[in-house]
**Student:** 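I'd like to ask some things about the structure below.
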Amino acid sequence: MATSHFLAAAAATSSSSTAFRPPLRFLSLPPPSLTLSRRRPFPVVCAADADAKETTKPKVPEKAPAAGSSFNQLLGIKGAKQEDNIWKIRLQLTKPVTWPPLVWGVLCGAAASGNFHWTVEDVAKSIVCMLMSGPCLTGYTQTINDWYDRDIDAINEPYRPIPSGAISENEVITQIWVLLLAGLGLGALLDVWAGHDFPIIFYLALGGSLLSYIYSAPPLKLKQNGWIGNFALGASYIGLPWWAGQALFGTLTPDIVVLTTLYSIAGLGIAIVNDFKSIEGDRTLGLQSLPVAFGMDTAKWICVGAIDITQLSVAAYLLSTGKLYYALALVGLTIPQVILQFQYFLKDPVKYDVKYQASAQPFFVFGLLVTALATSH
């Protein structure tokens, strides 16, 4: 359930003077071939040559540094070592580093339901829900995002698997379908397992998958708008897995919908963090990510404001409902994030983005759990 799945992070794409051939439309793709085709770089067509109806020879993007990390490659993050092993490349496309927020969201939903018990059956249900939300549907989200972002990646990270030709078109399309169908299948299984009369988890999975598609793919391509795209990303990574976990063990309530919607605003701020490193490619392609639209200085304050004000608003809500200690705990977890924002992110959001996220986000996710526990009592 789909970016930077609690359900994936990236900037919008449009046209540029140097672009790849038009991407295939996802809904009209032919059934994926089971035969692995030869991997090759995607051809690059110059505007002047296009006007003359002449196509240039395929241009091989630059390679990743030889000193790239195998660990980064498996996690799907920048600084990855180039690989020839197709299964390692497939794993890289799913960006396992983005799975934990979705897994944590399911955990928060289960905790908020008040009906989760440490029995073998409940633990097994939660693990299946985590597999659906993380490896399957977040993997689908990240793969389809990379597919439609291959022209941006050719500028920002030309050594990534798709623009470099390390994986073929058929292999990418096959992976998209397999992960999508696996995620929807697990959602249907969970509904049967939980004895639901209405298949709510299946429809949450289907809705999240559709949101992931229109986030990345034309003609809607929500990520073209910095506000709408990042909010959709935040909702996919926080709201949807929480709702799935809570629906698995209990029922969704209006207060949970309100709180998770608020937290999706914080997710918007977290998604903006990932936009700063893509400014060059976004500006070249005319994309309106918030750092491009407002400039780096303004965008970084929008980012931290969305994260901090949301958490303080949730703390105020908990206080208003008589959850004093939970509200104080949430404020206590927000303060270190503010300190780390001044120490790293606000100084240089490009240089310190990884260090900031690694140090600040644990406080944020524990704040989610505090909120979940507060609503369960």
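Because only heavy atoms are used, hydrogens play no part in the values below, and waters and symmetry mates are left out as well, while side chains stay in.
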**Student:** Is Phe363 linked to Ile335 within one hydrophobic cluster, defined over Ile, Leu, Val, Met, Phe, Trp and Tyr using a side-chain heavy-atom separation of less than 4.5 Å?
**Tutor:**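 They do not share one cluster, since no chain of ILVMFWY contacts under 4.5 Å joins Phe363 to Ile335.
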**Student:** Would Leu248 and Val106 count as a side chain to side chain contact (heavy atoms under 4.5 Å, CB included) here? Give the steps.
**Tutor:** CA-CA 9 Å; Leu248 181 60; Val106 171; 5.8 Å; no
**Student:** Taking the inter-plane angle between the rings of Tyr203 and Phe198 on a 0 to 90° scale, is it parallel (under 30°), tilted (30 to 60°) or perpendicular (over 60°)?
**Tutor:**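 Ring orientation, 0 to 90° scale: parallel.
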**Student:** Grab the two heavy atoms, one from Ala235 and one from Ser264, that are nearest each other, plus how far apart they are.
**Tutor:**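 Closest pair (atom of Ala235, atom of Ser264, distance): CA-OG, 3.2 Å.
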**Student:** Side-chain contact test, heavy atoms from C-beta onward, threshold under 4.5 Å: evaluate it for Cys303 versus Val273 and give yes or no.
**Tutor:**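 They are in contact (side-chain heavy atoms under 4.5 Å apart), so the answer is yes.
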**Student:** Using the side-chain hydrogen bond (donor to acceptor under 3.5 Å, both in side chains) definition, which of the options Trp242, Tyr326, Tyr263 pairs with Thr371?
**Tutor:**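 That would be Tyr263; it is the only one of Trp242, Tyr326, Tyr263 passing the side-chain hydrogen bond (donor to acceptor under 3.5 Å, both in side chains) with Thr371.
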**Student:** Please check if the side chain of Thr138 supplies one atom and the backbone of Ser133 the other of a donor-acceptor pair under 3.5 Å.
**Tutor:**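 Such a contact is found between Thr138 side chain and Ser133 backbone.
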**Student:** Run the side chain to side chain donor-acceptor pair (under 3.5 Å) test on Gln288 and Asp282 for me, step by step, so that the C-alpha distance in whole Å, both residues' side-chain angles and the decisive distance to 0.1 Å come before the verdict.
**Tutor:** CA-CA 7 Å; Gln288 289 301 303; Asp282 294 347; over 6 Å; no
**Student:** For Ile307, does its backbone N or O pair with a side-chain atom of Thr310 as donor and acceptor, under 3.5 Å?
**Tutor:**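 Absent.
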**Student:** With distance as the sole test, does Asp191 use its side chain to make a donor-acceptor pair with the main-chain N or O of Ile201 at under 3.5 Å?
**Tutor:**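 A pair under 3.5 Å: yes.
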**Student:** Hey, does Leu91 have a side-chain heavy atom less than 4.5 Å from the side chain of Pro96?
**Tutor:**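 Yes - at least one pair of side-chain heavy atoms lies under 4.5 Å apart.
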**Student:** Does any N or O in the side chain of Arg150 come within less than 3.5 Å of the main-chain N or O of Trp147, such that one atom is a donor and the other an acceptor?
**Tutor:**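 Yes, the answer is positive, given that a donor and an acceptor are paired below the 3.5 Å cut-off.
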**Student:** So do Ile162 and Asp153 actually touch side chain to side chain, heavy atoms under 4.5 Å?
**Tutor:**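 A side-chain contact under 4.5 Å is absent here.
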**Student:** What pair of heavy atoms forms the shortest contact from Ala111 to Leu373, and how long is it?
**Tutor:**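 Here Ala111 and Leu373 meet closest at CB-CD2, 4.1 Å.
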**Student:** How long is the gap from OG on Ser212 to CG on Leu240, to the nearest 0.5 Å?
**Tutor:**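 So the gap between those two atoms works out to 8.0 Å.
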**Student:** If you look at every heavy atom in Ala194 and Lys125, which pair is closest and at what distance?
**Tutor:**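 Heavy-atom minimum between the residues: CA-NZ, 4.3 Å.
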**Student:** With a 4.5 Å cut-off on side-chain heavy atoms, are His117 and Phe249 touching?
**Tutor:**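 When only atoms from C-beta onward are counted, His117 and Phe249 do not touch, as no gap falls below 4.5 Å.
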**Student:** What is the minimum heavy-atom distance between Thr260 and Gly239, and which atoms define it?
**Tutor:**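 Looking at all heavy atoms of both residues, the closest pair is CB-CA, 4.1 Å.
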**Student:** Just checking Glu280: does its CD atom have more than 12 heavy atoms from other residues, nucleotides or ligands closer to it than 6.0 angstrom?
**Tutor:**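 Atom CD in Glu280 is not crowded, with 12 or fewer foreign heavy atoms closer than 6.0 Å.
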**Student:** Could you tell me whether the side chain of Phe202 reaches within less than 4.5 Å of the side chain of Leu184, counting heavy atoms only?
**Tutor:**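 With C-beta onward as the side chain, the pair touches.
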**Student:** Same cluster or not: are Leu312 and Leu268 linked, directly or through other Ile, Leu, Val, Met, Phe, Trp or Tyr residues, by side-chain heavy atoms under 4.5 angstrom apart?
**Tutor:**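 In one cluster: no.
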**Student:** So Leu137 and Ser209, do their side chains get closer than 4.5 Å, heavy atoms only?
**Tutor:**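 Heavy-atom side-chain distance check passes, below 4.5 Å.
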**Student:** From Asp353 CG over to Ile272 CD1, what is the distance, rounded to the nearest 0.5 angstrom?
**Tutor:**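 Asp353 CG to Ile272 CD1: 14.0 Å, rounded to 0.5 Å.
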**Student:** Apply side chain to side chain donor-acceptor pair (under 3.5 Å) to Asn145 and Lys223, showing your working.
**Tutor:** CA-CA 10 Å; Asn145 185 67; Lys223 64 191 298 181; 2.7 Å; yes
**Student:** Is there a side chain to side chain contact (heavy atoms under 4.5 Å, CB included) between Cys136 and Leu186? Walk through the geometry before answering.
**Tutor:** CA-CA 9 Å; Cys136 292; Leu186 290 177; 4.0 Å; yes
**Student:** According to a 4.5 Å side-chain heavy-atom criterion applied to Ile, Leu, Val, Met, Phe, Trp and Tyr, with indirect links allowed, do Ile127 and Phe116 form part of one hydrophobic cluster?
**Tutor:**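 Cluster IDs for Ile127 and Phe116 match.
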**Student:** Could you see if Ile176 belongs to whatever hydrophobic cluster contains Leu210? Use Ile, Leu, Val, Met, Phe, Trp, Tyr and a side-chain cutoff under 4.5 Å.
**Tutor:**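 Yes: a chain of side-chain contacts under 4.5 Å links Ile176 to Leu210.
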**Student:** Please state whether the rings of Tyr352 and Tyr344 are parallel, tilted or perpendicular, taking 30° and 60° as the class boundaries.
**Tutor:**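 Correct class here is tilted.
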**Student:** Please evaluate residues Phe231 and Thr261 with respect to the criterion side chain to side chain contact (heavy atoms under 4.5 Å, CB included), reporting the C-alpha separation (whole Å), side-chain torsions for both, the decisive distance (0.1 Å), and the verdict.
**Tutor:** CA-CA 9 Å; Phe231 182 79; Thr261 300; 4.3 Å; yes
**Student:** Once you round to the nearest 0.5 Å, how far does NZ of Lys300 lie from OG1 of Thr298?
**Tutor:**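 Between Lys300 NZ and Thr298 OG1, I get 9.5 Å after rounding to 0.5 Å.
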**Student:** Could you go step by step and tell me if Asp255 and Thr253 meet the side chain to side chain donor-acceptor pair (under 3.5 Å) rule?
**Tutor:** CA-CA 6 Å; Asp255 61 329; Thr253 56; 2.4 Å; yes
**Student:** As a quick check of understanding, evaluate side chain to side chain donor-acceptor pair (under 3.5 Å) for Asp122 and Asn115, giving each step before the final call.
**Tutor:** CA-CA 9 Å; Asp122 280 4; Asn115 294 320; over 6 Å; no
**Student:** Would you confirm whether Ser168, through its side chain, and Glu171, through its main-chain N or O, come within 3.5 Å as a donor-acceptor pair?
**Tutor:**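 Yes; at least one donor-acceptor contact below 3.5 Å.
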**Student:** Look up atom OG1 in Thr141 and atom CG in Leu180, then write down how far apart they are to the nearest 0.5 Å.
**Tutor:**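 One gets 9.0 Å once the value is rounded to the nearest 0.5 Å.
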**Student:** Considering the options Tyr356, Phe294, Phe345, which one meets the ring-ring contact (aromatic ring centres under 6.0 Å, His included) requirement together with Phe276?
**Tutor:**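 Exactly one candidate clears the test, Phe345.
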**Student:** Can you check whether Phe366 and Trp104 have ring centres sitting under 6.0 Å from each other?
**Tutor:**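 So the answer is yes for these two rings.
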**Student:** Any chance you could measure Ile167, atom CD1, to Gln92, atom CD, to the nearest 0.5 Å?
**Tutor:**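 Those atoms lie 9.5 Å apart.
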**Student:** Can any side-chain N or O of Ser216 pair as donor or acceptor with the backbone N or O of Tyr213 at less than 3.5 Å?
**Tutor:**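 Here the side-chain-to-backbone pair does not exist.
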**Student:** Flag the pair Phe364 / Ile238 as yes when at least one side-chain heavy-atom distance between them is below 4.5 Å, and no otherwise.
**Tutor:**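 They are in contact (side-chain heavy atoms under 4.5 Å apart), so the answer is yes.
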**Student:** For the residue pair Gln142 and Leu93, establish whether any side-chain heavy-atom pair is separated by less than 4.5 Å.
**Tutor:**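 A side-chain contact is absent here, since even the closest heavy-atom pair is not under 4.5 Å.
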**Student:** Might you work through the salt bridge (Lys or Arg N to Asp or Glu O under 4.0 Å) test for Arg160 and Asp149, ending with a clear yes or no?
**Tutor:** CA-CA 11 Å; Arg160 286 195 59 77; Asp149 267 6; over 6 Å; no
**Student:** State whether a side-chain donor-acceptor pair under 3.5 Å links Gln311 with Gln337.
**Tutor:**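 On atom types as modelled, these side chains qualify, holding a pair under 3.5 Å.
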**Student:** Nearest heavy-atom pair of Ala329 and Val370: which atoms, and what distance?
**Tutor:**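 It is CB-CG1, 4.1 Å.
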**Student:** Verify, without hydrogens or angle tests, whether Gln246 (side chain) and Thr251 (backbone) share a donor-acceptor contact under 3.5 angstrom.
**Tutor:**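 Here the side-chain-to-backbone pair exists.
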**Student:** Verify, without hydrogens or angle tests, whether Thr375 (side chain) and Ala372 (backbone) share a donor-acceptor contact under 3.5 angstrom.
**Tutor:**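 Checking the backbone N and O of Ala372 against the side chain of Thr375, a donor-acceptor pair under 3.5 Å is found.
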**Student:** List the residues meeting salt bridge (charged side-chain N to carboxylate O under 4.0 Å, His left out) with Asp197, not counting sequence neighbours, and say none if there are none.
**Tutor:**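 By the salt bridge (charged side-chain N to carboxylate O under 4.0 Å, His left out) rule, Asp197 matches no residue at all.
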**Student:** CG of Leu252 to CH2 of Trp243: how many Å apart, nearest 0.5 Å?
**Tutor:**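 Leu252 CG to Trp243 CH2: 7.5 Å, rounded to 0.5 Å.
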**Student:** Stepwise, does the ring pair (Phe, Tyr, Trp, His ring centres under 6.0 Å) test hold for Tyr148 with Tyr215?
**Tutor:** CA-CA 10 Å; Tyr148 285 108; Tyr215 172 81; over 10 Å; no
**Student:** Start with the C-alpha distance between Thr94 and Gln175, add both sets of side-chain angles, then the distance that settles side chain to side chain contact (heavy atoms under 4.5 Å, CB included), and finish with yes or no.
**Tutor:** CA-CA 9 Å; Thr94 66; Gln175 176 161 319; 3.5 Å; yes
**Student:** How far apart are the closest heavy atoms of Met132 and Ala244, and which atoms are they?
**Tutor:**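 What the structure gives for the nearest pair is CE-CB, 4.3 Å.
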**Student:** Any link between Ile302 and Phe342 through a network of hydrophobic side chains (Ile, Leu, Val, Met, Phe, Trp, Tyr) touching at under 4.5 Å?
**Tutor:**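 Cluster IDs for Ile302 and Phe342 match.
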